Amino acid sequence: MKIDLKNLTIQKASDHMKRGDFGALDLAEQYVKVIADNNAGINCYLEMFDDIGDQAKAAQKMIDDGTATLLTGIPIAVKDNILIKGRKAGAASKILEGFVSPYDATVISKLKKEGVVFLGRTNMDEFAMGASTENSAYGPTRNPCDESRVPGGSSGGSAAAVAMDGALAALGSDTGGSVRQPASFCGVVGLKPTYGSVSRFGLIAMGSSLDQIGSMGKTVEDVKILYDAMRGYDTKDSSTLPDYDPYSLRGKAEGLTIGVPWHFMRNGGIDPDVLENFESSIKLLESIGYKTKEISLPNIKYSLAIYYILMPAESSSNLARFDGVKYGLMEEGSDLLQTYINSRTVGFGPEPRRRIMLGNYILSAGYYDAYYNKANALRALINKDFDDAFREVDALVTPTTPSPAFKIGDKTGDPLSMYLEDIFTVPANLTGVPAISVPSGKVTREGKELPLGLEIMARRKEEGVLFKIGKDFQSASLR
Ligand code: GLN
């Protein structure tokens, strides 16, 4: 039986498998075929797992036994920085070459219990540093909508896998936009949950006060289903929040008000087509009954500058453990110090090196107060702006990215222009609020249709608001 992967959702696939229209193995095999036919061009998978058949058979057994959940037998892709026991994990870096994880990330153990079928590891920017997946040590991933363009990053492999029907859904990580921006470039949905909502145990750390694992899929509902299976307090991650109900909606499911920080969009630097698309998205939301309101976030303009202080400080500290001795690749030298130097010189690519140098500078005596502490003080001001805004409105919206997917190679020589990609996504990481990117239409470039995304943010612990608005928006745009 040929399965219509394009229109398949988690709910539909689960219903079909429970009715016996097709089995978990049939479904997994169709995805494997798509990957076999397309991965050479797209390069979204770094590795296909060799036990997909066994995983699918185990899932089928759960279905036959009547112990299946909604996620049983659902084939998903996993970003190369999320650990699976007995499998390689490398954050697309040479320095982790040969590293095999001795344990499962919390999100993986949770999904294993549901009988999810893990298809393989997806490509990413090295250590999640980038916005195009060009910083991978294993070659760039291409955007399935136009192969001359990037899929976004750093979870570009996961976004491309879903977009080319090489997985029904995928896991990514988001430190400054790495789930939402590639979702937007590839025309899929991407969620960054509230900081502390999903355990980071078993996620290769980048910026620990910013990182969250997020889900990617074709629909808001699919992303929500994965999120529900992954969230929750975890004794292995002290930054997880006590369990909370993300769906309380404070009794306001109807009549949610959406804030629009127009001043932030009209600063220049945003593609005119993106602005036009955003304006029509606002009109669409109004036409389906949402009230919108102009809102001011006076300090949001500092977000990117603050992020590019705090993130390198945190990531340089996190990357200190990769010394050639404890994990992965080792380039032996005449003594221990030389072994560290050789291993890190050979193992790290240019972007992690740049951030290690920036981070160490920022954290060095004499500069700590001037940079790190100042950035933290400004982070508090942005938090206050968001708290003030969320007293007036239930959600905030911006475009997800300032432009549609750019050409491979266009920004690799200019890190600052690459960093500007994160302008709309970084504030949610600095403040810890949940944010989602939902496809908002397409623009045409050189005869190809390129997707754009609408970013919705809500109060901490109110993912339900994102799903409500996101679903309404997605179904209205499909009408
Ligand atoms: N593009 C951003 C960066 O390079 C975000 C990365 C991320 O979210 N992991 O830092």
Side-chain angles (χ1 to χ4, degrees), residues 78-82 91-93 122-136 140-141 150-159 170-186 190-193 195 198 200 203-216 303-319 348-359 362 375 400-403 405-406 410-412 414-437 453 455 457:
V78 181
K79 189 176 179 178
D80 191 29
N81 59 354
I82 300 174
S93 178
T122 56
N123 201 6
M124 56 184 283
D125 286 298
E126 185 175 355
F127 285 106
M129 296 173 172
S132 67
T133 315
E134 292 167 293
N135 295 337
S136 165
T141 296
V150 304
S154 64
S155 315
S158 288
L171 302 189
S173 65
D174 190 311
T175 304
S178 277
V179 163
R180 290 160 285 158
Q181 187 255 14
S184 168
F185 277 13
C186 293
L191 168 75
K192 182 208 81 81
Y195 181 79
V198 173
R200 294 182 292 113
L203 168 70
I204 298 175
M206 179 182 169
S208 303
S209 78
L210 305 154
D211 299 341
Q212 269 294 285
I213 292 176
S215 43
M216 307 166 96
S303 306
L304 208 57
I306 297 168
Y307 172 79
Y308 277 95
I309 297 285
L310 297 179
M311 175 274 302
E314 294 184 17
S315 41
S316 64
S317 313
N318 278 324
L319 295 185
F348 285 127
E351 190 60 31
R353 270 193 237 174
R354 180 178 294 122
R355 296 189 194 199
I356 290 167
M357 284 191 276
L358 281 171
I362 290 160
T400 307
T401 61
S403 70
F406 46 90
D410 256 13
K411 294 187 196 267
T412 38
D414 181 0
L416 274 185
S417 81
M418 190 75 90
Y419 296 172
L420 280 168
E421 271 304 304
D422 310 327
I423 184 116
F424 295 123
T425 47
V426 146
N429 302 79
L430 290 174
T431 55
V433 304
I436 196 168
S437 176
E455 178 185 46
M457 294 174 265

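This structure is a prediction, so every number in the text was calculated from the model and none was measured. If you read the sequence from its start, that first residue is 1, and numbering goes on from there. For ligands, and for the atoms within them, numbers begin at 1 and follow the listed sequence.
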Checking side-chain polar atoms at under 3.5 Å, does [X] have a donor or acceptor matched by the opposite partner on [Y]?
X      : Y      : answer
Asn318 : Ser208 : yes
Ser173 : Asn81  : yes
Asn123 : Thr141 : yes
Ser158 : Thr122 : yes
Ser93  : Glu126 : yes
Glu314 : Ser209 : yes
Ser154 : Lys79  : yes
Tyr308 : Asp422 : yes

Report yes if some N/O of [X] lies less than 3.5 Å from some N/O of ligand 1; otherwise report no.
X      : answer
Asp422 : yes
Thr175 : yes
Gly130 : yes

Under a heavy-atom criterion of less than 4.0 Å, does Tyr419 contact ligand 1?
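Under 4.0 Å: no for Tyr419.
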
Could you list the atoms of ligand 1 found under 4.0 angstrom from a heavy atom of [X]?
X      : value
Ala128 : 6 (C), 7 (C), 9 (N)
Ser154 : 9 (N)
Gly176 : 5 (C), 7 (C), 8 (O)
Asp174 : 8 (O)

How does Tyr307 reach ligand 1, if at all, at less than 4.0 Å between non-hydrogen atoms: by side chain, backbone, both, or neither?
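Side chain only.
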
Is it the side chain (CB and beyond), the backbone, both or neither of Phe127 that lies under 4.0 Å from ligand 1, heavy atoms counted?
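Near ligand 1, Phe127 shows nothing, with every heavy atom at 4.0 Å or more.
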
Between Glu351 and Met418, is the side chain to side chain contact (heavy atoms under 4.5 Å, CB included) condition met? List the steps.
CA-CA 11 Å; Glu351 190 60 31; Met418 190 75 90; over 6 Å; no

Judged on heavy-atom distance to atom 4 (O) of ligand 1, which of Met206, Arg355, Met311, Glu351 sits nearest?
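Of the listed residues, Arg355 has the closest heavy atom.
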
Return the closest protein heavy atom for atom 9 (N) of ligand 1 as residue, atom name and distance.
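For atom 9 (N) of ligand 1, the nearest protein heavy atom comes out as Ser178 OG, 2.7 Å.
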
Nearest protein heavy atom with distance in Å, relative to atom 3 (C) of ligand 1
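Nearest neighbour among protein heavy atoms for atom 3 (C) of ligand 1, to 0.1 Å: Tyr308 OH, 3.3 Å.
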
